[in-house]
Amino acid sequence: MMALGRVIYVANAVSFRSEFQPMAPDRIGSSSPSRQKDLVFVVNPLGANGRTGKEWRKLVPYLRSRLGKECNICESLTSGPCHAIDITREAIREGADAVIAVGGDGTLHEVVNGFFWAGKPVASQVKESTRSTALGLIPLGTGSDFARTFGWKNDPHEAIERVARGLRSRIDVGVITGESCDHHYFINVADIHLSAKAGFYASRYKRFGNLCYVIGALQAFIGHQNQDLRIRFNDGPWETCPQVTALCIGNAKYFGGGMKITPNADPFNRNLEVVTLQSFKWYDFVLKLHKLYNGTHLSVKNVSSRSVLSIEVEDISGKGGIYIQSDGEHLGFLPKKISVLPAAIEMIV
């Protein structure tokens with residue numbers, strides 16, 4: 001099927017086929033005996049210091065017994081950064097019923113980006129295909145912040161049951177553009193300045209599990225200075241936002257290993273939630289960290305929130321070096337524009 005990476009066919013999967021039939025509403029596929037559903041599981045075997053690969057191998061027999069009679073199950077192991085993007089695009093073009101990310105938020109982030117190419121959704125090249133490819137998730141990585149928004153347990157067997165039920169719902173996706181006009185997509189949270197810098201450093205310490213976020217934050221505080229930023233919402237007038245510590249734009253609620261940073265975000269409401277932290281000192285985070293984790297920080301002084309369709313952010317100083325990341329992936333520096341793409345992807349829920 002794919003020449004993009006190491007592909008293993010599990011159970012009775014042999015290839016993607018083009019004889020797609022009409023599917024029932026709100027299900028991955030129909031119960032018609034004429035064909036089986038084509039499911040592609042994108043696995044990061046090195047995720048969580050290799051734990052993802054080990055747990056996945058243990059899970060395959062259950063997956064085979066639960067879905068093998070109804071589905072062609074394709075397991076594709078990623079071999080490096082951005083590989084999951086290529087695998088996902090190829091699977092969609094070949095008419096897969098679903099592409100399912102197996103791993104943490106990083107793997108999910110790449111799979112989401114694979115649903116798009118050159119600023120547009122990737123389309124199936126199978127003429128008989130009548131439905132779009134769905135996105136699925138089996139959380140097995142270091143962090144599963146996106147799953148927390150849905151209240152999903154970090155239980156792969158429960159995730160497989162969701163796949164078996166096949167219920168779909170359209171969710172929003174965020175898109176980030178910059179001076180180069182490249183498009184980068186996120187499903188969870190994008191953030192700017194201190195938190196993004198902390199995420200950049202945290203990526204170096206993933207071998208320590210969720211502790212990597214704490215280590216990254218401590219390192220980010222060294223030499224940190226709050227900055228005045230130019231911001232405009234929904235293509236309106238520019239305004240100055242003074243002494244910004246961090247700016248978080250949520251399509252979903254959690255980041256940083258369970259921090260409920262954008263508590264009002266909802267991937268179904270066609271908006272993004274922007275939470276701004278201003279004039280924070282290092283000791284403010286120590287004293288108010290519990291509020292950041294339980295989502296009650298919006299009542300704290302110098303914290304504000306609003307719902308937007310888009311937000312543009314520039315560095316007033318002109319010095320550069322203001323970090324931005326999305327779903328924990330470093331995206332460089334300001335200026336950037338972040339917008340919502342309403343109901344952009346069908347997701348297995």
Please answer: with hydrophobic residues joined when any side-chain heavy atoms are less than 4.5 Å apart, are [X] and [Y] in the same cluster?
| X | Y | result |
| --- | --- | --- |
| Leu331 | Val313 | yes |
| Ile322 | Phe333 | no |
| Ile215 | Met259 | no |
| Met347 | Val99 | yes |
| Phe280 | Tyr283 | yes |

Next item on the list: For the pair Phe285 and Phe221, name the ring-plane relationship: parallel under 30°, tilted 30 to 60°, perpendicular over 60°.
Entry: perpendicular
Next item on the list: For the pair Phe268 and Phe150, name the ring-plane relationship: parallel under 30°, tilted 30 to 60°, perpendicular over 60°.
Entry: perpendicular
Test item: side-chain donor near acceptor, [X] and [Y], under 3.5 Å:
| X | Y | result |
| --- | --- | --- |
| Asp327 | Asn188 | no |
| Ser132 | Glu346 | yes |
| Ser124 | Glu94 | no |

Check: Do other residues, nucleotides or ligands put more than 12 heavy atoms under 6.0 Å from Trp152 CH2?
Finding: yes
Nearest heavy-atom neighbours spanning [X] and [Y]:
| X | Y | value |
| --- | --- | --- |
| Asp172 | Pro342 | OD1-CA, 3.3 Å |
| Gly103 | Leu137 | O-CD1, 4.3 Å |
| Ser144 | Asn154 | OG-OD1, 3.8 Å |
| Val111 | Ala101 | CG2-CB, 3.8 Å |
| Gln278 | Ser304 | OE1-OG, 4.4 Å |
| Val274 | Leu247 | CG1-CD1, 3.8 Å |

Below 4.5 Å, heavy atoms only, C-beta onward: do [X] and [Y] meet side chain to side chain?
| X | Y | answer |
| --- | --- | --- |
| Thr262 | Ile249 | no |
| Leu272 | Ile338 | yes |
| Pro263 | His297 | yes |
| Asn251 | Ile187 | yes |
| Pro267 | Thr149 | yes |
| Val122 | Phe115 | no |
| Thr245 | His224 | yes |
| Ile231 | Glu312 | no |

Distance-only, no hydrogens or angles: does the [X] side chain make a donor-acceptor pair with backbone N or O of [Y] under 3.5 Å?
| X | Y | value |
| --- | --- | --- |
| Asn113 | Ile85 | no |
| Asp97 | Thr133 | no |
| Arg232 | Trp238 | no |
| Glu314 | Arg230 | no |
| Thr88 | Ala84 | yes |
| Asn271 | Ser307 | no |
| Lys260 | Asn294 | no |
| Asp315 | Ser317 | yes |
| Gln325 | His330 | no |

Item checked: Candidate pair Thr52 and Leu46, rule side-chain contact (heavy atoms from CB on, under 4.5 Å), full reasoning -> CA-CA 6 Å; Thr52 298; Leu46 301 181; over 6 Å; no
Are [X] and [Y] near enough that their ring centres are under 6.0 Å apart?
| X | Y | answer |
| --- | --- | --- |
| Tyr62 | His157 | yes |
| Tyr254 | Phe146 | no |
| His184 | His109 | yes |

Next item on the list: Go through the steps to decide whether Ile100 and Val42 satisfy the test side-chain contact (heavy atoms from CB on, under 4.5 Å), and finish with yes or no.
Entry: CA-CA 6 Å; Ile100 299 154; Val42 182; over 6 Å; no
Next item on the list: Dump the intermediate steps for side-chain contact (heavy atoms from CB on, under 4.5 Å) on Val244 and Leu277, then the final yes or no.
Entry: CA-CA 6 Å; Val244 174; Leu277 282 65; over 6 Å; no
SB check [X] [Y] (cutoff 4.0 Å):
| X | Y | value |
| --- | --- | --- |
| Asp284 | Lys281 | no |
| Lys336 | Glu179 | no |
| Asp235 | Lys337 | yes |
| Arg66 | Glu161 | yes |

Next item on the list: Applying side-chain contact (heavy atoms from CB on, under 4.5 Å), run through Arg306 and Phe233 and close with a yes or a no.
Entry: CA-CA 10 Å; Arg306 66 182 292 174; Phe233 301 101; 3.1 Å; yes
